[in-house]
Amino acid sequence: MKTLKDVKVGDTVTVAKLHGEGPVKRRIMDMGITKGVVIYVRKVAPLGDPMELTVRNYELSVRKADAEMIEVV
């Protein structure tokens, strides 16, 4: 299983499945990250947290802990 946390800078991936429970999963979905959405990894902060993504033509920062819950292909 590959998660968003494992994706390298400059790669484009598609969301396969969201893991997590209740409010955390809801928050990820509210940010526009749902099954089938294409995500481009723009940059990762020097210490590795957070990751800067392009999702649905807008920029978004996601913590590694949240990125781990997003399964990608």
Side-chain angles (χ1 to χ4, degrees):
M1 180 179 86
K2 182 178 175 185
T3 65
L4 187 57
K5 183 180 167 210
D6 308 320
V7 179
K8 292 178 176 41
V9 174
D11 287 353
T12 301
V13 293
T14 304
V15 177
K17 186 177 180 188
L18 292 176
H19 299 279
E21 292 296 315
V24 177
K25 186 174 181 180
R26 178 86 251 160
R27 188 166 46 88
I28 291 171
M29 291 174 76
D30 287 345
M31 289 189 279
I33 300 172
T34 54
K35 186 178 177 186
V37 169
V38 174
I39 297 177
Y40 171 69
V41 180
R42 294 187 62 232
K43 14 179 180 168
V44 176
L47 297 175
D49 213 11
M51 302 174 76
E52 198 171 294
L53 315 170
T54 301
V55 180
R56 298 178 190 251
N57 291 327
Y58 69 92
E59 285 154 27
L60 179 67
S61 291
V62 174
R63 294 190 316 252
K64 288 274 183 169
D66 293 342
E68 240 174 342
M69 296 179 199
I70 304 166
E71 188 178 327
V72 296
V73 288

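The shown structure was predicted, so the numbers you read here are calculated from the model rather than taken from an experiment.
- For the pair I70 and V15, the minimum side-chain heavy-atom distance is below 4.5 Å.
- There is a path of hydrophobic side-chain contacts, each under 4.5 Å, that joins L4 to V55.
- Residues passing the side chain to side chain donor-acceptor pair (under 3.5 Å) test with D6 are T3, sequence neighbours excluded.
- Between M51 and K64 the shortest side-chain heavy-atom distance falls below 4.5 Å.
- Follow the hydrophobic side-chain contacts under 4.5 Å out from L60 and you never reach V38; the two are in separate clusters.
- Evaluation of the salt bridge (Lys or Arg N to Asp or Glu O under 4.0 Å) rule for R26 yields D30 as partners, not counting sequence neighbours.
- Within the 4.5 Å cutoff, no side-chain heavy atoms of K8 are placed close to those of V44.
- If you take CD1 on I33 and CG on L18, they are separated by 7.5 Å, rounding to the nearest 0.5 Å.
- The minimum heavy-atom distance linking V62 with D49 is given by the pair O-OD1, 4.3 Å.
- Salt bridge status for D66 with R63: present, with a side-chain N to carboxylate O gap under 4.0 Å.
- Looking at R42, its side chain never comes within 3.5 Å of a backbone N or O of E59 through a donor-acceptor pair.
- Hydrophobic clustering keeps V9 apart from Y40 (ILVMFWY residues linked when any side-chain heavy atoms are closer than 4.5 Å, directly or through intermediates).
- Between the CG atom of L53 and the OG1 atom of T12 there is a distance of 11.0 Å, given to the nearest 0.5 Å.
- Side-chain contact between E71 and H19: present, with at least one pair of heavy atoms (C-beta onward) separated by less than 4.5 Å.
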